[in-house]
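Have a look at the structure below, then the notes.
Below, each value reflects all heavy atoms present in this structure, side chains not excepted, and no hydrogens, waters or symmetry copies. For reference, positions follow the sequence shown, starting with 1.
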Amino acid sequence: MGVGSLVGFPRDTHAHKRLRNFVDGWCAAANAPFFDAGRILLLRDEQDHPVAVSAVWSSGAARPGLIEPLGVHQEHRGRGYGAVMSRAAAATLREMGSSSVTVCAESSNVGAVATYLAAGFVADPEVTDWRRDA
């Protein structure tokens with residue numbers, strides 16, 4: 001199946017380009033030297049529909065692990081799938097030997113913050129991001 005057949009509107013070049021970039025990014029990650037330290041998780045609902053996906057990254061035994069990214073399909077948000085996926089991702093990192101789990105979310109992303117809190121995460125104080133235009 002080609003990328004074009006995955007796009008709902010094959011003539012929508014913007015959607016096709018976004019999908020192509022997404023696929024290219026995952027292919028690059030799969031060929032990177034650190035991919036062995038990661039796992040990709042897929043959550044399905046009772047009807048076997050994919051509802052959430054996440055990647056976890058271990059930095060080795062007795063070291064913190066990272067959940068990044070984590071997403072819930074827009075048609076399935078608000079049903080607790082994000083919290084279920086967050087707990088499954090944390091359990092996977094525990095199985096990989098991680099000492100703790102880190103997630104990063106912008107405080108303005110209220111859905112992500114609520115998801116992680118519902119999954120039992122505790123928020124650290126906010127950190128200001130700094131940036132400078134080139």
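- The side chain to side chain donor-acceptor pair (under 3.5 Å) contacts involving residues 100-127 comprise Ser107-Glu126, where partners must be two or more places apart or lie in separate chains.
- Between Ala89 and Ile67 the shortest heavy-atom distance is CB-CD1, 3.5 Å.
- Scanning both residues, Pro64 and Ser99, for their nearest heavy atoms gives N-OG, 3.4 Å.
- No donor-acceptor pair under 3.5 Å is formed between the side chain of Ser54 and the backbone N or O of Leu41.
- Under the 4.5 Å side-chain heavy-atom criterion for ILVMFWY residues, a single connected hydrophobic cluster contains both Val84 and Phe121.
- Atoms CZ and OG, on Arg94 and Ser58 in that order, are 13.0 Å from each other to the nearest 0.5 Å.
- Through direct or indirect side-chain contacts shorter than 4.5 Å among Ile, Leu, Val, Met, Phe, Trp and Tyr, Val113 is connected to Leu117.
- The hydrophobic side chain of Leu42 is isolated, with no ILVMFWY side chain under 4.5 Å apart from it.
- Val103 and Val53 sit in two unconnected hydrophobic clusters of ILVMFWY residues. Membership requires side-chain heavy atoms under 4.5 Å apart, directly or through other members.
- For the residue pair Ser86 and Leu70, the shortest heavy atom distance occurs at OG-CD1, 3.5 Å.
- Atom CG in Leu66 sits 6.5 Å away from atom SG in Cys104 (nearest 0.5 Å).
- Of the candidates His76, His73, Arg44, Arg44 is the only one forming a side-chain contact (heavy atoms from CB on, under 4.5 Å) with Pro50.
- One hydrophobic cluster, built from ILVMFWY side chains closer than 4.5 Å, cannot hold both Met85 and Trp57; they sit in different ones.
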